[in-house]
Amino acid sequence: MKLNEFQALLTPKVLLVPYSERHVPTYHEWMKDEELQKATASEPLALLDEHAMQKSWRDDADKLTFIACTPAPDSGSAIQYSGPRPETEIPTVQPGKDDSPEVMLGDVNLFLVAADDDEDEEEDADFHTIDEATKQLILEGKLQAVVGEVEIMIARKELQGKGMGREILLTFLWYIISSLSEIMNEYHKSHNGGKAGSYMKYLRVKIDKENARSIRLFENAGFTKVHEQPNYFGELELRLPLSARSSDVMLLGTGVIPRLADYKATS
């Protein structure tokens with residue numbers, strides 16, 4: 001997506017920056033690890049293919065991704081979380097400095113797909129938070145239902161199990177909910193399905209049944225299992241219906257309000 005090309009997110013524990021070309025070599029090295037390949041159901045790519053994939057994540061309107069970093073106070077950077085500030089006081093994250101390979105730790109992604117035609121339009125939709133006019137358009141089939149698939153990866157093994165995944169996930173979910181209109185508008189321009197508009201029906205994640213840590217992570221963020229039994233591929237599907245209350249839940253989980261930052265080089 002173009003939406004976050006120049007946007008970063010900052011909390012006391014993590015810095016999320018848009019996946020850029022400079023990150024590809026480090027990402028490529030991460031994905032040589034067989035455990036990460038298994039955990040992400042991925043195949044290793046050649047470096048040129050990895051660059052092409054990065055460009056796809058930047059340009060395609062159905063993909064949104066951030067690289068997760070640890071804010072490094074000893075990096076010489078002035079970027080740090082200092083609580084909510086007026087909108088005029090927007091911090092600047094310096095590409096290549098605040099997100100150097102040494103502080104990169106993983107990624108978090110959203111992939112948008114049209115909901116299955118055979119799903120009930122009201123299933124998993126929180127109609128209590130949708131105005132009557134929009135609700136009527138949904139029931140009349142004039143709006144396209146979209147499902148958001150969430151993925152998260154902590155690539156640095158020494159940081160796994162340290163609570164970083166929780167901080168990254170909740171910050172990313174806060175961004176999705178806060179930017180939902182912009183996300184859906186960009187998606188609809190390229191994937192309108194012949195409908196007047198698109199709306200996010202719910203978020204979902206598919207996790208290997210043996211990955212208890214990831215299942216617990218998403219359940220603690222409000223996702224619930226669709227079925228107790230795994231699918232044919234041994235995966236459990238968990239869903240999170242979106243509502244006006246969702247961002248409040250995210251804030252309660254982290255205890256802080258993430259700060260939007262400009263992601264651009266400074267002179």
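Between D99 and Q94, the shortest heavy-atom distance links the atoms OD1-O, 3.8 Å. Nearest approach of P258 to W174, heavy atoms of both residues: O-CH2, 3.6 Å. Pairing each heavy atom of K63 with each of W57, the nearest pair is CB-CE3, 3.0 Å. Here the shortest heavy-atom pairing between I67 and H23 reads CG1-ND1, 3.8 Å. Between Q144 and S198 the shortest heavy-atom distance is NE2-OG, 2.9 Å. Heavy atoms only, all atoms of each residue included: A221 and L240 are closest at O-CD1, 4.3 Å.
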Problem set entry | side-chain contact (heavy atoms from CB on, under 4.5 Å) assessment of V147 paired with R239 | CA-CA 10 Å; V147 173; R239 295 180 182 179; over 6 Å; no
For this session: Could you check Q54 against Y27 for side chain to side chain donor-acceptor pair (under 3.5 Å), going step by step and ending with a plain yes or no?
Result: CA-CA 10 Å; Q54 180 275 324; Y27 189 90; over 6 Å; no
For this session: Apply the test side-chain contact (heavy atoms from CB on, under 4.5 Å) to residues L64 and E186: give CA-CA distance (whole Å), side-chain angles for both, the deciding distance (0.1 Å), then the verdict.
Result: CA-CA 11 Å; L64 174 69; E186 183 171 344; over 6 Å; no
Problem set entry | Step-by-step side-chain contact (heavy atoms from CB on, under 4.5 Å) determination, F111 to T65 | CA-CA 9 Å; F111 182 62; T65 187; over 6 Å; no
Problem set entry | V113 vs E149, side-chain contact (heavy atoms from CB on, under 4.5 Å): CA-CA, chis, key distance, verdict | CA-CA 8 Å; V113 295; E149 297 185 354; 4.2 Å; yes
Problem set entry | Derivation and outcome, side chain to side chain donor-acceptor pair (under 3.5 Å), residues R58 and N4 | CA-CA 9 Å; R58 168 57 53 229; N4 72 325; 3.1 Å; yes
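Heavy-atom contacts from other residues, nucleotides or ligands closer than 6.0 Å to CE of M31 number more than 12. Sparse packing is recorded around CD of E35, with 12 or fewer heavy atoms of other residues, nucleotides or ligands lying under 6.0 Å away. Taking a 6.0 Å sphere around NZ of K55, one finds it holds 12 or fewer heavy atoms contributed by other residues, nucleotides or ligands. Within 6.0 Å of the CD atom in E21, the count of heavy atoms belonging to other residues, nucleotides or ligands does not exceed 12. More than 12 heavy atoms of other residues, nucleotides or ligands sit less than 6.0 Å from atom CD of E140.
A side-chain donor-acceptor contact under 3.5 Å links Q160 to the backbone of I154. Side chain of D60 to main chain of D62: no donor-acceptor pair is present (N/O by atom type, distance under 3.5 Å, no hydrogens or angles). A donor-acceptor contact shorter than 3.5 Å links the side chain of T11 to the backbone of K13. Looking only at distances, no side-chain donor or acceptor of H227 sits under 3.5 Å from a matching main-chain atom of E237. In this structure a side-chain-to-backbone donor-acceptor pair under 3.5 Å is missing from K264 to T92. A donor-acceptor pair is defined here as one N or O able to donate and one able to accept, closer than 3.5 Å; no such pair exists between the side chain of S179 and the backbone of E182. Looking at T70, its side chain never comes within 3.5 Å of a backbone N or O of L15 through a donor-acceptor pair.
L217 is not listed as a side-chain neighbour of I207, based on a closest heavy-atom distance of 4.5 Å or more. Using a 4.5 Å heavy-atom threshold, the side chains of V17 and D98 count as separate.
For the pair K32 and E29, the salt-bridge criterion is met [side-chain N within less than 4.0 Å of a carboxylate O].
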